[in-house]
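See structure below.
Here, residue 1 is the first one in the sequence, and each next residue gets the next number.
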Amino acid sequence: MVAISSLIRFLAYVVSVLGFLPVAPHVDIPVLIVFPVALACGIFFDRQGKYPLTGVPVTILTVISFIFYFMQLSMANPAAPAVNFLVVLLSVRLLNEKSPRNVLQIFALALFALASSSLFSLSAIFLVYLFLQLGLIAVSLVLLTFHSVDDHLRLTRKSLWRVVGVSLAMPAASVPLVLFFFAILPRTQYPLLNFLNAPGERSAGFSDRVEPGRASSVGEVKTVAFRAECEQLAPNDLYWRGIVFDTMSGATWTKNGQRSDEVPGVPRGVTVRQTVYPEPSLGNHLIALDVPIRLDGTGISQGGDFTFTKRGRSRGRIRYDATSVLTGAIPTPRGIDRAHYLRIPGRVSDRVYALAKEFSAGEPSDGERLKRVESWFVRQGFRYATSGLAVSVDPVDAFLLEKRVGHCEFFASSFATLLRLAGVPARLVGGYYGGEYNEVGGYYVVTEDRAHVWVEAFVGGRGWVRIDPSSFAANFDRTQSGKRAFTTKIIALIDSFTWYWNQAVITYDLQKQVELIRRANRQFSGITLHGGTRKLFPALLAVAALAIVVRLLMIRGKRTREEQILQCFLARVEKVYGIPHPRPTQGLKEIADMIEDPAATEFVSIFGGAIYRDRQLSRDEYQRLVQIINSIGNNRRP
């Protein structure tokens with residue numbers, strides 16, 4: 001036997017945890033500590049039956065928290081203060097007694113907390129939290145109904161499972177309706193609350209500038225940058241182009257964006273089509289396999305260096321189709337502005353100048369100078385690393401001649417600088433390299449830690465030639481993943497769930513609704529009814545209607561033993577006391593109080609003791625009720 005009050009308290013704890021976990025990564029550290037402490041204290045207080053932390057002190061703490069977070073509200077930061085205060089309220093409620101009123105407030109606050117997590121992230125795990133929370137709340141509401149009748153009620157294990165089954169059946173039965181209305185209700189192209197879901201600046205990963213030498217280490221961010229649906233490719237083909245850096249300013253490379261005089265030719269190679277789904281970000285650069293020649297989507301602009309950007313500052317989820325040519329060179333038959341791509345800032349050490357002079361000795365061609373720089377890089381034994389980096393105003397000198405350790409920005413900027421000093425036009429290309437291929441969904445997952453920078457050198461007769469100086473590092477690894485196969489499969493399955501969630505729910509908009517209706521219209525318009533079928537159709541409808549009526553009559557006629565004894569009781573009361581059939585809101589106890597018949601009172605006591613405890617009448621109880629019904633009116637006053 002399990003006490004209902006204990007079950008309700010346990011479910012209140014679980015529901016509150018399900019509301020807190022999704023927002024935990026986004027709340028302040030003090031709030032992150034307050035919630036588990038309040039949860040532990042609440043459990044302890046419930047076991048002791050005493051609640052010392054309620055009343056004025058907690059009210060004052062709540063008011064102070066409200067004022068503190070209200071002062072932090074702004075248009076730039078509207079969500080975080082509200083969510084922090086919401087978790088504080090939930091923590092305060094956990095400290096109180098778990099009365100039905102307080103439990104309902106815990107459920108409401110937990111639901112709001114879960115809903116507010118969608119302001120930060122709309123991952124598929126939200127659906128799991130939502131289903132769990134709604135299911136547990138449905139069970140709790142049913143238990144609260146029993147608790148309102150008898151707060152000392154206890155359930156057997158069998159009765160408990162019956163309550164759980166019936167409770168879960170209610171939200172489960174509503175799922176088809178939810179799916180139906182989700183598909184047909186009008187949806188805006190732009191989410192109304194999207195301004196609250198502002199994506200944060202990325203601390204590491206793809207950037208619109210290259211700045212080696214600014215930090216001694218670079219953190220690896222495993223968040224997903226984008227997913228690209230395409231065939232599986234060789235590792236050397238997985239260069240994802242995003243931005244071209246053509247201008248040096250000190251040690252920093254940026255995009256000039258004014259090179260309208262350069263007219264590239266058509267790249268030759270294997271054509272690969274992709275559908276790219278980038279994660280929301282503040283940037284406007286669109287990524288595709290190198291070299292992208294065409295992107296299809298709304299609001300896309302193309303640059304002269306095979307880079308693409310989205311117009312405007314839309315922060316919602318987008319998708320676009322890309323067509324790329326897998327090639328290591330971009331033909332530029334009309335040539336380039338060599339002076340622009342040979343420009344060197346003043347901050348280059350004499351040692352680097354002297355080194356670069358060796359590569360141009362004897363006036364070789366651009367191709368020969370490029371080979372000399374490549375050979376020199378290979379011989380040096382540079383090592384690829386993201387920590388222990390040179391922090392210097394002249395990172396090229398420090399990397400090439402002292403540290404000899406760096407990440408892709410060091411390799412690419414140093415290589416391009418040497419090329420320019422040697423008289424070979426060069427520029428940097430920023431994007432991503434590699435990716436994990438998800439065989440379940442048939443797409444690549446590219447995370448921020450795969451952000452990469454490489455070099456394009458202009459060689460006469462070939463055009464812009466791609467070189468990845470990082471590949472010259474002694475420890476450079478082109479393998480896709482070092483994870484175990486089982487772990488990789490589990491991660492792929494989880495990511496597939498997120499992938500389909502984004503496809504089916506997050507990116508489901510008005511355009512997809514129109515496509516769905518058109519597809520359904522095409523399917524139904526293709527159905528033709530022959531003459532015999534037209535005659536048969538009304539007959540089938542009539543048979544179906546008749547079957548429904550018969551079924552309803554069978555259900556109505558099939559009464560349980562408890563329903564039958566109740567009808568006999570009501571009929572006896574009507575016959576003896578002339579009280580008509582009670583209204584739906586009139587309870588048995590009200591009838592017994594009205595007629596003041598001891599037999600009726602005993603009937604209500606026995607009958608309610610079984611029904612309100614969710615069990616059937618025993619044989620003895622049933623026989624006793626039959627005797628009671630027959631005795632109703634025997635003691636009636638003349």
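- A donor-acceptor pair shorter than 3.5 Å can be found between the side chains of Asp449 and Thr447.
- Minimum heavy-atom separation, Ala416 to Leu428: CB-CD2, 3.6 Å.
- Under the 3.5 Å distance criterion, with hydrogens and angles disregarded, no donor-acceptor pair is assigned to the side chains of Asn284 and Thr309.
- Within a 6.0 Å sphere centred on CD of Gln302, other residues, nucleotides and ligands contribute more than 12 heavy atoms.
- Rounded to the nearest 0.5 Å, atoms CD1 (Ile330) and CZ (Arg268) are 14.0 Å apart.
- Separating the CD1 atom in Ile467 from the CG atom in Leu370 is a distance of 4.5 Å, to the nearest 0.5 Å.
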Practice problem: List the steps, then state whether side chain to side chain contact (heavy atoms under 4.5 Å, CB included) holds for Val352 with Leu421. | Solution: CA-CA 9 Å; Val352 175; Leu421 290 173; 3.6 Å; yes

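- Contact check for Leu289 versus Leu233: side-chain heavy atoms found under the 4.5 Å cut-off.
- In this structure, the side chains of Leu86 and Phe20 stay at 4.5 Å or more apart for every pair of heavy atoms.
- When every heavy atom of Trp253 is checked against every heavy atom of Ser413, the shortest pair comes out as NE1-CB, 3.5 Å.
- Taking OG1 of Thr307 as the start and CD1 of Ile287 as the end, the distance is 10.0 Å to the nearest 0.5 Å.
- Taking 4.5 Å as the limit, some side-chain heavy atom of Leu389 sits within range of a side-chain heavy atom of His407.
- Residues passing the ring-ring contact (aromatic ring centres under 6.0 Å, His included) test with Phe399 are Phe382, Phe410, Phe411, sequence neighbours excluded.
- For Asp366, the side chain to side chain donor-acceptor pair (under 3.5 Å) partners at least two apart in sequence or on another chain are Arg338.
- Residues Arg273 and Thr323 come closest through the heavy atom pair CG-OG1, 4.0 Å.
- More than 12 non-hydrogen atoms from other residues, nucleotides or ligands lie less than 6.0 angstrom from CZ of Arg466.
- Remark: Arg372 does not engage Glu358 in a salt bridge, criterion side-chain N to carboxylate O under 4.0 Å.
- Judged by distance alone, with hydrogens and angles left aside, the side-chain atoms of Asn475 form a donor-acceptor pair with the main-chain N or O of Tyr384 at under 3.5 Å.
- Between the Trp240 side chain and the Gly434 main chain, a donor and an acceptor come within less than 3.5 Å of each other.
- Although no hydrogens or angles enter the test, the distance criterion places a donor-acceptor pair under 3.5 Å between the side chain of Arg420 and the main chain of Tyr341.
- Side-chain contact between Val455 and Asp468 is absent, with no heavy atoms from C-beta onward closer than 4.5 Å.
- Using bins of under 30°, 30° to 60° and over 60° for the plane-to-plane angle, the ring pair Tyr433/Tyr239 lands in the tilted bin.
- A distance of 7.0 Å separates NZ of Lys310 from CG of Leu286, quoted to the nearest 0.5 Å.
- For the side-chain hydrogen bond (donor to acceptor under 3.5 Å, both in side chains) test with Tyr432, the passing option among Glu448, Arg450, His452 is Glu448; the others fail.
- Gln380 is linked by a side chain to side chain donor-acceptor pair (under 3.5 Å) to Arg404, counting only residues two or more places apart in sequence or in another chain.
- Between Ser117 and Val23 the shortest heavy-atom distance is CB-CG1, 3.6 Å.
- Gly435 and Leu238 make their closest contact through N-CD1, 4.4 Å (heavy atoms, listed as atom of the first residue, atom of the second, distance).
- The six-membered or imidazole ring of Trp464 lies away from that of Phe306, with a centre-to-centre distance of 6.0 Å or more.
- No donor-acceptor distance shorter than 3.5 angstrom exists from the side chain of Thr332 to the backbone of Arg334, with no hydrogens or angles considered.
- Between Arg294 and Asp296, at least one side-chain N (NZ, or NE/NH1/NH2) sits under 4.0 Å from a carboxylate O, which counts as a salt bridge.
- For the pair Thr252/Val210, no side-chain contact is recorded, criterion being any heavy-atom separation below 4.5 Å from C-beta on.
- For Glu409, there are no salt bridge (Lys or Arg N to Asp or Glu O under 4.0 Å) partners, not counting sequence neighbours.
- Using bins of under 30°, 30° to 60° and over 60° for the plane-to-plane angle, the ring pair Phe472/Phe415 lands in the tilted bin.
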Inset, instruction - Please assess Tyr444 against Cys230 for the test side chain to side chain contact (heavy atoms under 4.5 Å, CB included), listing each intermediate value before the final yes or no. - result: CA-CA 7 Å; Tyr444 277 100; Cys230 67; 3.7 Å; yes

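- The closest donor-acceptor contact from the side chain of Asn84 to the backbone of Ala80 lies under 3.5 Å.
- To the nearest 0.5 angstrom, Thr271 atom OG1 is 8.0 Å from Leu326 atom CG.
- The salt bridge (Lys or Arg N to Asp or Glu O under 4.0 Å) check on Arg369 picks up nothing, with sequence neighbours excluded.
- Under the 3.5 Å distance criterion, with hydrogens and angles disregarded, a donor-acceptor pair is assigned to the side chains of Gln274 and Ser324.
- Side-chain contact of Asn438 with Tyr443: a donor-acceptor pair under 3.5 Å is present, judged by distance alone.
- We find that Lys255 and Asp246 are not joined by a salt bridge, their nearest charged nitrogen and carboxylate oxygen being 4.0 Å or further apart.
- For Phe245, there are no ring-ring contact (aromatic ring centres under 6.0 Å, His included) partners two or more places apart in sequence or in a different chain.
- Under the 4.5 Å side-chain criterion, counting only non-hydrogen atoms from C-beta, Asp305 is in contact with Arg427.
- Nearest heavy-atom pair, Ala113 versus Gly19, reported as atom, atom and distance to 0.1 Å: CB-O, 3.3 Å.
- Residues Ser471 and Trp454 have side chains not in contact (no heavy-atom distance under 4.5 Å, counting atoms from C-beta outward).
- With a 4.5 Å cut-off on side-chain heavy atoms, Val224 and Val446 do not count as touching.
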Practice item. Would you please test Leu418 and Leu400 for side chain to side chain contact (heavy atoms under 4.5 Å, CB included) and show each step? Key: CA-CA 10 Å; Leu418 287 179; Leu400 292 176; 3.8 Å; yes

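- Expressed to the nearest 0.5 Å, how far CG of Leu32 lies from CG of Asp28 amounts to 9.5 Å.
- For the pair Arg379 and Glu374, the salt-bridge criterion is not met [side-chain N within less than 4.0 Å of a carboxylate O].
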Problem - Worked check of side chain to side chain contact (heavy atoms under 4.5 Å, CB included) between Phe68 and Phe85 - result: CA-CA 9 Å; Phe68 177 75; Phe85 182 64; over 6 Å; no

